[in-house]
Participant: 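Sending over a structure as structure tokens; questions will come in a sec.
Each chain gets a letter, A, B and so on, in the order the sequences are listed, and its residues count up from 1. Bear in mind the structure is a predicted one, so any value in this text is a computation, not a measurement.
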Amino acid sequence: MHEQELISRLRTGDEQAFKYLVENYQDRVYNTIIGIVQNPQDAEDVAQEVFIQVYRSIHSFKGESQLSTWIYRIATTRSLDLLRSRKSKKRFAFVQSIFGKNDELTHDPPDFHHPGIVLEKKEDSKILARAISRLPENQRIAFTLNKLEDLSYQQVSEVMKTTVSAVESLLHRAKQNLRKELEKEI
Amino acid sequence: MKILFTLIGRRFEYGHTSKKLSIMKQEKQDRIEQILNSWDGAKKAEAPAFFYTRLKARMEREAGEQPVKSWLLKPAFVIAALAAVIVINAFIFFQDGNTTITTSPTEESMQSIAAEYNLSDITLEEINQ
């Protein structure tokens with residue numbers, strides 16, 4: 001199905017078109033999100049939210065970028081929302097624990113192993129995931145889109161609404177920060 | 001002569017140690033690069049089976065639910081509301097406190113107390129004296 005036709009049919013609320021969209025994009029969306037949120041259950045939840053948002057706001061899609069770029073943008077924004085909500089829940093749990101209302105603090109998710117990485121690299125992948133989780137948001141998004149989704153610098157810049165040189169700089173800084181983090185780890 | 005040999009020996013030892021250190025440093029750098037590249041060539045993660053079915057079920061469930069004002073339950077809102085209540089309470093408390101401290105018992109209030117307890121004027125004057 002051609003992208004324009006798909007968008008027009010989605011705007012009319014065509015269920016078959018929506019199913020086609022989900023089946024075509026679900027893996028890309030899930031793969032992006034799991035790299036950022038580093039938890040399979042959360043990744044599925046967020047992926048569902050992404051498609052619900054696409055379904056509800058397809059009327060506001062102006063077609064200035066490709067449909068895939070728009071969907072990647074929603075996926076990264078939603079993933080960051082989840083990370084922020086995790087942080088604020090953790091803070092709230094800490095405040096509650098001070099007042100003795102909540103003995104259990106919200107813990108960090110356990111070590112993440114990306115399902116697409118071969119077994120021999122499993123341990124290294126966990127160490128890398130831990131280091132990535134400490135990166136600033138923008139660097140984390142750029143690194144995940146480039147490394148896991150194989151998006152080019154041009155595509156990453158379109159998703160992040162920035163320039164190619166800014167993406168290059170983000171990735172350079174991300175690698176520098178990761179090297180520093182890894183140096184502490186090993 | 002002995003000193004010369006010692007110096008040469010130390011120099012040799014220093015050179016050996018620094019070479020060892022640089023090898024260790026290089027090994028560490030290699031290990032970092034190895035970890036950094038561990039996501040290279042990773043297969044893409046696939047969405048769980050029956051993803052669309054679960055998505056449709058969620059959309060139908062959400063369509064049937066009443067829209068909840070979820071922002072009311074957000075920790076930021078709860079904390080802000082709590083802080084506002086505390087500030088208002090503190091403000092009222094200190095306002096009252098100031099009034100009590102600065103105002104001394106006046107004749108008027110004493111008369112009202114006297115009237116309440118049926119005390120005569122003489123008794124009240126006596127109290128004042």
Participant: Please lay out, stage by stage, how A:Glu185 and B:Arg31 fare under the test salt bridge (Lys or Arg N to Asp or Glu O under 4.0 Å).
Facilitator: CA-CA 11 Å; A:Glu185 290 257 355; B:Arg31 179 79 185 106; over 6 Å; no
Participant: Below 4.5 Å from any heavy atom of chain B, which atoms of A:Glu123 appear? Answer side chain, backbone, both or neither.
Facilitator: neither
Participant: Just by modelled atom types, is the B:Ala45 backbone N or O under 3.5 Å from a matching donor or acceptor in the A:Asn31 side chain?
Facilitator: yes
Participant: Is it the backbone or the side chain of A:Asp45 that comes under 4.5 Å from a heavy atom of chain B, or both, or neither?
Facilitator: both
Participant: For A:Asp124 versus B:Ile35, what's the shortest heavy-atom pair and its separation?
Facilitator: O-CG2, 3.5 Å
Participant: Just by modelled atom types, is the B:Glu46 backbone N or O under 3.5 Å from a matching donor or acceptor in the A:Asp27 side chain?
Facilitator: no
Participant: Applying side chain to side chain contact (heavy atoms under 4.5 Å, CB included) to B:Lys44 and A:Thr32, what does each step give before you reach the verdict?
Facilitator: CA-CA 9 Å; B:Lys44 290 183 181 177; A:Thr32 305; over 6 Å; no
Participant: Quick one: of A:Val118, A:Ile117, A:Ile132, A:Asp150, who has the most non-hydrogen atom pairs under 4.5 Å with chain B?
Facilitator: A:Ile117
Participant: Looking only at heavy atoms and a cut-off of under 4.5 Å, which of A:Ala43, A:Gly35, A:Ala47, A:Ser88 has the most pairs with chain B?
Facilitator: A:Ala47
Participant: Are more than 12 heavy atoms from other residues, nucleotides or ligands located less than 6.0 Å from atom NE2 of A:His2?
Facilitator: no
Participant: At their closest point, which heavy atom of B:Ile32 faces which heavy atom of A:Arg179, and how far apart are they?
Facilitator: CG2-CG, 3.9 Å
Participant: State, to 0.1 Å, how close A:Leu128 and B:Leu36 come at their nearest heavy-atom pair, and which atoms those are.
Facilitator: CD2-O, 3.8 Å
Participant: I'd like to know whether A:Gln48 forms a side chain to side chain contact (heavy atoms under 4.5 Å, CB included) with B:Met59, so could you lay out the CA-CA distance, the side-chain angles of the two residues, the decisive distance to 0.1 Å, and finally the verdict.
Facilitator: CA-CA 9 Å; A:Gln48 286 180 358; B:Met59 287 172 84; over 6 Å; no
Participant: In sequence, state the C-alpha distance, the side-chain angles, and the governing distance for B:Tyr52 and A:Leu21, and then conclude on side chain to side chain contact (heavy atoms under 4.5 Å, CB included).
Facilitator: CA-CA 10 Å; B:Tyr52 182 73; A:Leu21 172 98; over 6 Å; no
Participant: Would you mind checking which part of A:Glu149 comes under 4.5 Å of any heavy atom in chain B, side chain (CB onward), backbone (N, CA, C, O), both or neither?
Facilitator: both
Participant: Within a 6.0 Å radius of atom CD on B:Gln34, are there more than 12 heavy atoms belonging to other residues, nucleotides or ligands?
Facilitator: yes
Participant: Of the backbone (N, CA, C, O) and the side chain (C-beta and beyond), which part of A:Glu183 lies under 4.5 Å from a heavy atom of chain B, both, or neither?
Facilitator: both
Participant: Looking only at non-hydrogen atoms, find the nearest pair between B:Asp40 and A:Lys121 and report the distance.
Facilitator: O-NZ, 3.5 Å
Participant: Please say yes or no: joined through hydrophobic side-chain contacts below 4.5 Å, possibly via intermediate residues, are B:Leu82 and B:Phe77 part of one cluster?
Facilitator: no
Participant: Is any side-chain heavy atom of A:His114 closer than 4.5 Å to a side-chain heavy atom of B:Lys43?
Facilitator: no
Participant: Looking at B:Arg54 and A:Glu44, would you say the former's side chain and the latter's main chain have a donor-acceptor pair under 3.5 Å?
Facilitator: no
Participant: Side chain from CB out, backbone as N, CA, C, O: work out which of these in A:Ala129 comes under 4.5 Å of a heavy atom of chain B, or both, or neither.
Facilitator: both
Participant: Can you say whether the rings of B:Trp39 and A:Phe143 are parallel (under 30°), tilted (30 to 60°) or perpendicular (over 60°)?
Facilitator: tilted
Participant: Evaluate the ring planes of B:Phe51 and A:Phe51, with Trp represented by its six-membered ring, and classify them as parallel (under 30°), tilted (30 to 60°) or perpendicular (over 60°).
Facilitator: perpendicular
Participant: Answer yes if A:Leu119 and A:Ile127 sit in the same cluster of Ile, Leu, Val, Met, Phe, Trp and Tyr residues linked by side chain heavy atoms under 4.5 Å apart, and no otherwise.
Facilitator: no
Participant: Evaluate side chain to side chain contact (heavy atoms under 4.5 Å, CB included) for B:Lys56 paired with A:Lys19, printing each intermediate quantity in order.
Facilitator: CA-CA 9 Å; B:Lys56 280 302 283 181; A:Lys19 191 177 181 185; over 6 Å; no
Participant: In terms of heavy-atom proximity below 4.5 Å to chain B, should A:Ile33 be classed as side chain, backbone, both, or neither?
Facilitator: neither
Participant: Quick one: what part of A:Ile34 sits under 4.5 Å from any heavy atom of chain B, side chain, backbone, both or neither?
Facilitator: side chain
Participant: Taking all non-hydrogen atoms of both residues, which atom of B:Ala42 and which atom of A:Leu148 are closest, and how far apart?
Facilitator: CB-CD2, 4.4 Å
